[in-house]
Amino acid sequence: MQHLHRTPLDQLFVIDIETVPCVDCHDSLDEMLRLLWDHKSESLRRQQGYTGRPQASEPLPDHLSAATLFEQAGIYAEFGKVVCVSVGYFVHDKQEEITRFRVKSFADHDEKQLLRDFAGLLAQRPHFVLCAHNGKEFDFPYLGRRLLINGLKLPAQLDLAGKKPWEVPHHDTMELWKFGDHKSYTSLNLLAAIFGIPTPKDDITGADVARVYWEENDLARIAKYCQKDIITTARILQKFRGEEPFRDEHVVYADEATVPMRRAV
């Protein structure tokens, strides 16, 4: 994969984001957003093979109701929000001849502050390239949309609107694994398994994040889960480059004080 080798590892941010529905439940949406979500739900039902229309005599199955489908709202930037961004970068220790991987998370109930802090980091390293698993389809556009919704300036790395695919310098481990094949989705879990990398999903899964956030108010747990994903993505990236991945003892975590645990007022 020559494309990967054109980007020095020490000029690359590996990122992952965790997102949740913008409010705790469907009933908490304001009237306009609720109407728009109900409209969105119709297309989601069609995607699941439901072609009928709800009638009093034949109500919708519970799993297809707008309220139940709203549990998936976190994957849509228009109906969700970012609660954590984890960032990792490689540092080569010339004295010890080892590569360390430094990990930092931005996790906050105040999405605007979280995104402002993350954008500030990108602004400090405008030449850095981003890498994520499925980043071009999810993480990168989601972050760009939420930055605009929050009235924040797009950092250079996320100002991608209107660019041709070959003009986007970022790496996407899922896209790289496709080798031009666009027929399937390969999960981070599956790549980790086939490359012999310990799975990152040993606590919660993506399906649990909204519940852990809205019901348990446990941002620290979400941040830990997010960090495991970037560590795995970074190791897969090294495998793609034909290199031996860094060991657990070479992961350096930033001060946990950077992860506020109180809910914004």
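Residues take their numbers from the sequence shown, with the count starting at 1. Bear in mind the structure is a predicted one, so any value in this text is a computation, not a measurement.
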Distance check, rounded to the nearest 0.5 Å: [X] atom [atom1] versus [Y] atom [atom2]?
X    : Y    : atom1 : atom2 : value
L33  : H26  : CG    : NE2   : 10.0 Å
I230 : K228 : CD1   : NZ    : 13.0 Å
D139 : E18  : CG    : CD    : 8.5 Å
L36  : E78  : CG    : CD    : 10.0 Å
L114 : S105 : CG    : OG    : 9.5 Å
I231 : H250 : CD1   : NE2   : 13.5 Å

Residues, nucleotides or ligands: over 12 heavy atoms within 6.0 Å of [X] [atom1]:
X    : atom1 : answer
E137 : CD    : no
E31  : CD    : no
H127 : NE2   : yes
D30  : CG    : yes

Inset, instruction - Could you please spell out the steps behind the salt bridge (charged side-chain N to carboxylate O under 4.0 Å, His left out) verdict for D24 and R211? - result: CA-CA 9 Å; D24 60 340; R211 173 185 56 79; over 6 Å; no
Under the 3.5 angstrom rule, does the side chain of [X] hit a backbone N or O of [Y] as a donor-acceptor pair?
X    : Y    : value
R45  : L64  : yes
Y225 : G206 : yes
N134 : M174 : no
R100 : V91  : no
D208 : T205 : yes
E167 : K164 : yes
T68  : S65  : no

Inset, instruction - Using the salt bridge (charged side-chain N to carboxylate O under 4.0 Å, His left out) rule, pick out the option among R116, K81, R146 that qualifies with E111. - result: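 Exactly one option meets the salt bridge (charged side-chain N to carboxylate O under 4.0 Å, His left out) with E111, and it is R146.
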Looking at side-chain heavy atoms only, is the closest gap between [X] and [Y] below 4.5 Å?
X    : Y    : value
L9   : Y89  : no
F106 : L121 : yes
L29  : C22  : yes
P245 : K239 : yes
L4   : L237 : yes
L219 : Y213 : yes
T232 : H133 : no
V209 : W214 : no

Inset, instruction - Find out whether the Lys NZ or Arg CZ of K40 is both under 6.0 angstrom from the six-membered ring centre of Y76 and within 45° of the ring's axis. - result: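 Yes, K40 and Y76 form such a contact.
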Inset, instruction - Kindly indicate whether a cation-pi arrangement holds for K136 with F138, taking the cut-offs as under 6.0 Å to the six-membered ring centre and within 45° of the axis. - result: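 Geometry flag: not set, cation outside 6.0 Å or 45°.
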Legend entry - Ionic contact status for D181 with K178, cut-off 4.0 Å: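 The answer is no: the pair does not qualify as a salt bridge.
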Inset, instruction - Report the C-alpha separation of Q11 and R125 in whole Å, then their side-chain angles, then the decisive distance to 0.1 Å, and conclude whether the side-chain contact (heavy atoms from CB on, under 4.5 Å) test is met. - result: CA-CA 8 Å; Q11 294 182 24; R125 300 287 189 275; over 6 Å; no
Is there a path from [X] to [Y] through hydrophobic residues (I, L, V, M, F, W, Y) whose side chains come within less than 4.5 Å of each other?
X    : Y    : answer
Y142 : L160 : yes
I194 : I197 : yes
L154 : L152 : yes
I75  : F79  : yes
Y185 : L190 : no

Legend entry - Reference residue F118; test side chain to side chain contact (heavy atoms under 4.5 Å, CB included); the match among L147, V82, L158, I17: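 Filter result, single survivor: L158.
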Legend entry - Residue that, paired with H171, satisfies side chain to side chain contact (heavy atoms under 4.5 Å, CB included) out of L130, T7, T233, V14: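 Testing each of L130, T7, T233, V14 against H171, the sole residue satisfying side chain to side chain contact (heavy atoms under 4.5 Å, CB included) is T7.
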Between [X] and [Y], what is the shortest heavy-atom contact and its length?
X    : Y    : value
C84  : A223 : SG-CA, 3.8 Å
A66  : D38  : CB-OD1, 3.2 Å
P198 : A192 : O-CB, 4.5 Å
T173 : F240 : O-CE1, 3.5 Å
G135 : P141 : O-CD, 3.4 Å

Legend entry - Aromatic centroids of F195 and W177 separated by under 6.0 Å: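 Centroid distance W177-F195: below 6.0 Å, so yes.
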Inset, instruction - Decide if the gap between the ring center of F140 and the ring center of H170 is smaller than 6.0 angstrom. - result: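 Between F140 and H170, the centre distance is under 6.0 Å.
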Legend entry - side-chain contact (heavy atoms from CB on, under 4.5 Å) between L191 and T186, intermediate numbers included: CA-CA 7 Å; L191 282 182; T186 305; 3.9 Å; yes
Inset, instruction - Give me the ring orientation class for F90 and F246: parallel if the planes are under 30° apart, tilted from 30 to 60°, perpendicular past 60°. - result: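 Judged by the thresholds at 30° and 60°, the geometry between F90 and F246 is perpendicular.
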Legend entry - Partner set under side chain to side chain donor-acceptor pair (under 3.5 Å) for H92, not counting sequence neighbours: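 Once residues adjacent in sequence are excluded, the partners of H92 under the side chain to side chain donor-acceptor pair (under 3.5 Å) criterion are T99.
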Legend entry - From CA spacing to verdict: side-chain contact (heavy atoms from CB on, under 4.5 Å), F128, L122: CA-CA 8 Å; F128 268 43; L122 296 189; over 6 Å; no
Inset, instruction - Apply the test side-chain contact (heavy atoms from CB on, under 4.5 Å) to residues T19 and V83: give CA-CA distance (whole Å), side-chain angles for both, the deciding distance (0.1 Å), then the verdict. - result: CA-CA 6 Å; T19 65; V83 295; over 6 Å; no
